[in-house]
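Single-structure report; data block below.
Computed from a prediction, not measured in an experiment: that's the story for all the values here. Within every chain, numbering begins at 1; the chains are lettered A, B, ... in the order of the sequence lines, protein sequences first and strands thereafter.
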2 protein chains.
Amino acid sequence: MDKNETMDRKTRILDAAEQVFGNSGFDGASLRQIVQAARVNLATVYYYFESKEHLLEEVFKRRLGPVKEEQLASLRQVERRGLKGMAAVEKILEAMLFPALRLTASADLKRSIPTKLIGRVVADPNPRFQELIRSQHDEVRHAFIAALQRRLPKCSIADLAWRMELVWGALAFLMCNPDRVKRAADGEGHSVGARMALAQMTAFFSTGLCAPAAKRNPPAR
Amino acid sequence: MDKNETMDRKTRILDAAEQVFGNSGFDGASLRQIVQAARVNLATVYYYFESKEHLLEEVFKRRLGPVKEEQLASLRQVERRGLKGMAAVEKILEAMLFPALRLTASADLKRSIPTKLIGRVVADPNPRFQELIRSQHDEVRHAFIAALQRRLPKCSIADLAWRMELVWGALAFLMCNPDRVKRAADGEGHSVGARMALAQMTAFFSTGLCAPAAKRNPPAR
DNA sequence: GTCTATAAGGAGATAGAC
DNA sequence: GTCTATCTCCTTATAGAC
């Protein structure tokens, strides 16, 4: 798990890049910082990855890929149990949130938060990064919206899409900087793990998902 | 409203910086891009602002300051009307969300989105930026949580703080990149304004805020 | 207040030895 | 595969003339 010499250079570069990109952002990070942390030569990055941008993509997919698989697998498991109504909605939300929250709460080596980079990329309006997000996230989005729609037939697809977009927004916000959550935590400043965040989000959002439709033309204020 | 020669240089720099910082981020933006867009000399930036970092702070506060004032003023107005229950919760949420959403939906000059920069700063875990957010946001947070607490006495402060953190997360996510919202829009790809986003968020979150408390120790999965 | 010129350094990327 | 050395360009920031 630690970055000793026994790990191959490619993995060391990916680990270091994840940390440096997460802390400093794509433009704020330099390859020289990354190769120093990975204890490899600058040219090694260009041997394994063809550019700084490709390196970022590899780091990103390496983290998000397994999350995506776990979300979809958990969703399939919920479907098999044949739950109905509110209980199903809660379990579907958990299937989506937990894999991401567990990763957010797990600080590798105490100082690196694996999801910081994901949160940053989500917040970047650069079309290049938006496409990267989209390529990883579209399948998950469609699967979860479809699953929810079957349990909430009275809620239109458009309303569900809106609401899930808001849920993903809140999740991305937590992934950027888990400290914000710890501050809210339990009101006494105690540290908080993925399970606490999961319970809070599930209670809040599952009830909201069952809310009546938004008015099409809200009255002027 | 447009950046012609009649505006003073300081304002032109702030306008240009907002756009360039929003599109490229703090590190991705260069002062040379900004001075070119503002049609001023590079040294002018250092005359009016002492560094790139101070320029960012000024841009940030110029935008967020008025939003904060409007949120607090709207909240006071809701308080004076003496609403109770769910209706009060909805109006409090609207008082918080609308000033930010209106700004998000208003694309100055078609290509600049004033809130892009705010969203970026929120997503940046750099302590320097987190402190900037905190300095502007703390007063608003406390005021709104207190107002909600009076209407939702059964909801603990800790739960309310969690839920509002999630609402702010979702809001920040929209501010980063309003295109994401337009895609969800009305299911037919129609463009969407601040009122639509307001109606969707209010319906979703006001119901969620009235949800029962999250379980302290959720069962293992 | 506004300008030119420049200091001083860091960036991504590559050529070519080993 | 890994290294050194370097190319080329761009960055923030400042000194000092006008």
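Using a 4.0 Å cut-off between charged side-chain N and carboxylate O, A/Arg150 and A/Glu79 make a salt bridge. Look at A/Asp27 and A/Arg120 and you find no salt bridge, because none of the NZ, NE, NH1 or NH2 atoms lies under 4.0 Å from a carboxylate O. The pair B/Arg141-B/Asp138 meets the salt-bridge criterion, with a side-chain N (NZ, NE, NH1 or NH2) lying under 4.0 Å from an Asp/Glu carboxylate O.
In this entry the distance linking CD of B/Gln33 with C1' of D/dC9 reads 15 Å, nearest Å. Rounded to a whole Å, the CG atom of A/Asn41 is 7 Å from the C1' atom of D/dT2. In this structure, B/Arg12 places its CZ atom 13 Å from C1' of C/dG1, rounding to the nearest Å. The CD-C1' distance, from B/Gln36 to D/dC10, rounds to 14 Å in whole Å. Atom CD1 of A/Ile34 and atom P of C/dG10 are 17 Å apart (whole Å). Computed from coordinates, the B/Ile13 CD1 to C/dG1 P distance equals 12 Å when rounded to whole Å.
No more than 12 heavy atoms of other residues, nucleotides or ligands sit less than 6.0 Å from atom CD of A/Gln36.
Taking only side-chain nitrogens and oxygens, A/Arg9 never comes nearer than 4.0 Å to OP1 or OP2 of D/dG1. Residue B/Thr44 places at least one side-chain N or O under 4.0 Å from the OP1 or OP2 atom of C/dC3.
For B/Tyr48, counting side-chain heavy atoms from C-beta on, the closest listed nucleotide (D/dG1, C/dT4, C/dT2) is C/dT2.
Under the ring-ring contact (aromatic ring centres under 6.0 Å, His included) criterion, B/Phe21 pairs with B/Phe26, not counting sequence neighbours.
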**OP:** If a protein heavy atom is under 4.0 Å from the base, mark B; if only from the sugar-phosphate, S; if neither, -; do that for nucleotides 12-18 of chain C going 5' to 3'.
**Re:** BBB----
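In this structure, CE in B/Met96 is found 10.5 Å from CG in B/Leu198, a value given to the nearest 0.5 Å.
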